[in-house]
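Here is the structure we will look at.
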Amino acid sequence: MDGKFCQSREEKVSPEVIRSLIGKARAQLALAYAPYSGFYVAAALLCKDGTVYTGCNIENASYPAGNCAERTAIFKAVSEGHREFSCIVIMGGKDGKVEEYCPPCGICRQVLREFCPPLGFSVILAKSEEEYRIFSLEELLPESFGPESLA
Ligand code: THU
């Protein structure tokens, strides 16, 4: 790695902001379109400038055409001109009932990696405003392949 990924940790996102993002993600859960799996997922992505983009999973009768909540949020944000992000809150569960943490799938981790610094971006898995876990992207996708790898 030779320091390629050396970077300072970003300022922590405050608990108040995290709670607000969790509220936005929970509201988004109701919009998940998951008629095939019945597994509802929602995300709230915080841009560096304070803008928040939410996303939900959107399934499809042709199963592989579906999209995850995290990618919905990040694609919405990037398509609106945002490329710098602080954190993402993710929550989900069967029939929209959030009982366990919902970690991002491997494809979503890689998509986040395209825009988010592994040590300077937090992935927050939430059950409620009071119960959540914070990971760096580096913890969830160690030794990753990113834009710098192609430089
Ligand atoms: N899902 C997400 O939205 N995000 C993830 O990271 C994990 C899985 C969705 C995809 C599919 O609609 C449902 O959960 C079941 O896999």
Side-chain angles (χ1 to χ4, degrees), residues 5 7 9-10 12-13 15 17-48 50-150:
F5 294 100
Q7 52 190 318
R9 281 179 187 267
E10 300 293 309
K12 296 258 184 296
V13 181
V17 170
I18 292 173
R19 275 197 287 274
S20 153
L21 291 169
I22 292 170
K24 287 183 163 72
R26 183 183 302 93
Q28 180 71 18
L29 259 188
L31 301 180
Y33 178 71
Y36 305 107
S37 72
F39 196 85
Y40 290 54
V41 186
L45 176 68
L46 178 65
C47 304
K48 280 278 174 65
T51 312
V52 176
Y53 284 90
T54 55
C56 60
N57 55 333
I58 305 170
E59 297 186 346
N60 192 281
S62 173
Y63 292 3
N67 201 45
C68 287
E70 301 89 321
R71 275 178 286 151
T72 302
I74 199 158
F75 292 157
K76 280 170 70 178
V78 173
S79 70
E80 297 287 332
H82 295 269
R83 292 184 184 175
E84 295 192 326
F85 306 107
S86 300
C87 68
I88 190 167
V89 163
I90 306 164
M91 63 198 308
K94 195 79 184 159
D95 301 322
K97 290 191 207 79
V98 180
E99 287 164 354
E100 306 293 337
Y101 293 116
C102 178
C105 79
I107 298 173
C108 288
R109 292 177 199 210
Q110 183 64 35
V111 169
L112 288 167
R113 174 67 180 85
E114 185 67 22
F115 297 99
C116 309
L119 292 172
F121 179 82
S122 301
V123 177
I124 301 166
L125 310 184
K127 289 187 193 173
S128 70
E129 274 84 345
E130 291 74 39
E131 214 177 345
Y132 55 83
R133 297 184 65 192
I134 305 178
F135 299 88
S136 68
L137 184 56
E138 174 68 21
E139 288 176 286
L140 298 185
L141 193 69
E143 303 293 335
S144 58
F145 188 92
E148 311 83 359
S149 310
L150 292 175

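As the structure lists them, so they are numbered: ligands from 1, and atoms in each ligand from 1.
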Q | Among Ile18, Thr51, Val17, Val89, side chain to side chain contact (heavy atoms under 4.5 Å, CB included) partner for Leu46 | A | Val17
Q.
If we ignore hydrogens and angles and just use 3.5 Å, is the side chain of Lys76 paired with the main-chain N or O of Thr54 as donor and acceptor?
A. yes
(Q) For His82, run the ring pair (Phe, Tyr, Trp, His ring centres under 6.0 Å) check against Phe75, Tyr53, Phe115 and tell me which one passes. (A) Tyr53
**Q.** Contact residues of ligand 1, where a non-hydrogen atom lies under 4.0 Å away
**A.** Ser37, Phe39, Val41, Asn57, Glu59, Cys68, Ala69, Glu70, Pro103, Pro104, Cys105
**Q.** Phe85-Phe121 aromatic ring centre distance below 6.0 Å
**A.** no
Q) Any side-chain heavy atom of Leu125 sitting closer than 4.5 Å to one from Pro103? A) yes
Q | Pairwise side chain to side chain donor-acceptor pair (under 3.5 Å) hits with a residue in residues 86-112, at least two apart | A | none
